[in-house]
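Working notes, structure below.
Computation of the quantities below employed the complete heavy-atom set of this structure, encompassing side-chain atoms and omitting hydrogens, waters and symmetry-equivalent molecules.
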Amino acid sequence: MAQVALIGVNKSFGNVNVIRDIDLQIDDGEFVVFVGPSGCGKSTLLRLIAGLENLTSGQISIADKLVMDLPPSKRGIAMVFQSYALYPHMTVFNNMAFSLDLQGVSKADINDRVQAAATILQMEHLLDRRPAALSGGQRQRVAIGRAIVRNPDVFLFDEPLSNLDAALRHDTRVEIAKLHNQLGATTIYVTHDQVEAMTLADKIVVLKDGEVMQVGSPMDLFNFPANEFVAGFLGSPKMNFFDGVLSGGAGSEQGEFEGQDVNASGARLVSGDKAQGDAVKLGIRPQHLILDDNGPLKGKATLVERLGTETVVELISDKQTSFRFASPESLDIANGQEVSFSFNAAAAHIF
Amino acid sequence: MHGACDVNKKSLGIDMTRTLKHVVLAFIVFIWVLPFFALVTTSLRSETASKTSGFWTAFTPTELGHRFGTHDKGDTEPFISMSGNIFERLNEGKDSFEIEGDVKSILFKGRVPDPDNPEKTKLIRQLIYAGEPMDVRGGEFVFQSSGDFTWTFAEATAAKPKNLDAFINQNPVFGPDAYIEVLFENKNVPNALISSFIVTIPATIIPITIAAFAAYAFAWMRFPGRDWLFVLVVSLMVVPTQLAFLPVLQGFSGIASWATSLNAWMTDCEATKTCQVASKSFASLWVTHTAFGLPLAIYLLRNYIVGLPKELLESARIDGASHLQIFTRLIIPLSVPALASFSIFQFLWVWNDLIVALYIGPADSTDLVFPIRLQKQLGTFKDQLHLLNASAVISIIVPLIVFLSMQRYFIRGLLAGSVKGG
């Protein structure tokens with residue numbers, strides 16, 4: 001049985017539907033990441049699960065218990081906010097002890113549990129400090145510690161890393177992953193950063209405009225995106241899309257594509273609904289293009305970005321379609337140079 | 001070159017504006033502080049000094065006339081030469097505001113041979129300076145600017161004491177006499193101080209308590225009509241207290257007569273004729289000040305509390321805190337700056353309020369609050385500026401202490417660290 005289950009969940013603010021008919025199952029111990037562009041409803045969905053917003057319709061259950069009418073504190077969840085939301089007038093110890101204190105847990109128990117959580121997070125030496133005396137990363141850890149102390153069924157993280165600088169963000173991401181392995185607790189994590197989503201998640205839920213675009217493991221989503229949005233959202237640099245028509249293979253797994261810039265046969269046909277002659281798009285990841293002087297895809301380089309580990313080239317085709325090429329090698333391509341590419345059609349998608 | 005020149009011009013302009021700002025600021029501070037300074041200075045001067053010259057003369061030597069007797073009336077021993085000191089004579093029996101300084105001159109009034117008319121004498125008034133001899137009762141009177149004088153006769157004479165007017169360049173002198181008199185010699189000022197505290201402390205604490213609860217509800221609780229109700233409360237700020245005196249008084253007298261009948265019915269006060277409950281009392285002042293202080297208090301606190309980070313309250317909800325727990329354990333500690341600033345405001349205007357206390361406060365002479373007492377002193381101490389000023393300074397000192405002790409809470413440092421950046 002699922003640890004968290006959402007059935008037909010809807011949420012509207014006035015006339016605006018921000019969450020539309022979401023069904024979702026999250027298993028015990030799973031690390032689920034809600035990812036999507038800003039305004040897609042991912043934070044609202046998390047707040048619905050937490051009980052900070054009321055459902056318009058639908059059902060939410062946590063640990064086999066319907067929680068729609070329960071206050072946040074009775075739902076068996078703990079939340080880490082983007083701003084950390086530490087109580088500024090309390091010491092770290094009191095911040096972590098606050099929820100236990102409200103539950104009437106005995107002083108000795110509180111002490112044990114706070115110490116235990118502090119040990120897990122290696123911050124025993126910070127317990128007497130106030131949040132103002134902590135660095136960003138330490139505040140982040142206190143916020144996580146406050147969640148651990150409550151021993152919840154589900155951890156909720158609302159963009160916890162977006163206030164940290166890039167280096168610290170990477171370290172904290174690794175720590176969160178380790179912590180999840182250590183505690184094995186069900187975790188729902190909201191982010192707009194696809195790298196966090198790819199690295200942390202057992203299961204990614206891609207959201208757009210309040211609807212679930214695709215649910216699956218990171219590599220499934222990367223390799224077999226269910227639609228153009230997911231394909232474009234995951235992966236960096238973004239997938240290239242070329243306009244064209246479906247020239248064959250309708251109804252099958254593999255289709256033929258005929259476009260202005262490029263043709264392809266044997267590409268993965270994502271939708272079975274498309275008929276021959278329908279307008280479709282061919283998607284090829286920048287990494288899947290192969291430099292080939294006789295290749296069918298031609299473009300003029302407009303910008304070369306050398307990242308050290310990777311070279312990304314922005315190109316524009318004769319028909320004014322812009323696309324990218326990414327290679328782990330450092331390349332001698334100059335701006336304005338004509339470059340030709342071939343590609344493996346099996347790695348391309350038709351949407 | 002050109003650029004550097006521009007920069008110089010610009011910085012010069014900034015310097016000019018800054019200097020101008022400082023001048024204006026200094027001027028404002030001067031105007032503001034001057035009356036207080038005058039008040040304190042006058043209250044520390046002697047009665048004569050405060051009556052005869054302005055406070056600005058209090059810090060430099062001033063020439064003043066003093067009358068002294070050469071010796072006591074009882075001393076009738078004949079003497080050839082007598083010496084004494086003018087200051088000792090003047091300060092005899094004084095324990096404060098002792099006169100010190102230089103004796104400039106003594107006014108000589110007496111008859112001398114008339115040079116135009118050798119037969120006769122004529123009356124002259126003349127200033128005799130230190131070291132010059134002067135004829136007093138037939139003896140030679142010489143004084144020094146230090147105040148020492150000698151009075152020498154040709155033969156032993158039992159001269160009567162002579163009163164002389166000395167002009168003394170007097171050193172500044174201050175003393176706490178006015179304060180001692182005002183505070184300890186009758187009970188009016190101490191009573192007024194106590195009454196003012198009785199009025200002000202509850203009239204500050206009650207509205208701020210009610211307002212804090214109301215402000216939390218207006219800021220963070222959802223209930224129908226919340227915004228309209230808040231607009232209504234805020235719009236009550238425009239009602240002037242004076243406009244409401246009549247209905248408020250009517251209300252209090254209604255309550256008082258009801259309480260009188262209840263008293264008559266419940267107790268056996270009729271036997272001692274003590275049933276009457278006053279409609280004008282400390283309690284009516286508390287209620288009135290609370291009522292008229294609440295709109296601004298709610299407005300200020302609500303605007304502060306609504307600005308606290310929403311995540312803090314959500315986090316507390318997830319931690320299982322009820323509204324009351326959120327209020328007492330988060331909102332109150334985090335709102336200390338706002339609570340402190342409002343209580344300073346409320347304290348100051350209740351403490352300084354004259355008109356509400358005059359209309360609604362107790363009329364008993366022992367229960368009068370400080371501003372009314374000051375107003376009454378204007379009549380009784382008309383000629384005793386030093387006493388009036390001492391009372392005024394005492395009434396200022398209390399709010400000054402309150403302000404200085406609370407002002408550190410104005411600094412909004414408490415929120416640091418709660419949210420990003422912090």
Ignoring hydrogens and geometry beyond distance, is a side-chain donor-acceptor pair present between Tyr84(A) and Asn95(A) at under 3.5 Å? no

Could you tell me which portion of Leu134(A) (side chain, backbone, both or neither) has an atom closer than 4.5 angstrom to a non-hydrogen atom of chain B? neither

Taking side chain as everything from C-beta outward and backbone as N, CA, C, O, which of these in Arg47(A) sits under 4.5 Å from a heavy atom of chain B? Side chain, backbone, both or neither. side chain

Okay, Gln325(B) and chain A: the region with an atom under 4.5 Å from a heavy atom over there is side chain

Please check if the distance between the ring centroids of Tyr216(B) and His323(B) is under 6.0 Å. yes

Looking at Phe98(A), is Arg329(B) sitting on its ring face, NZ or CZ under 6.0 Å from the six-membered ring centre and within 45 degrees of the normal? no

With distance as the sole test, does Asp202(A) use its side chain to make a donor-acceptor pair with the main-chain N or O of Phe31(A) at under 3.5 Å? yes

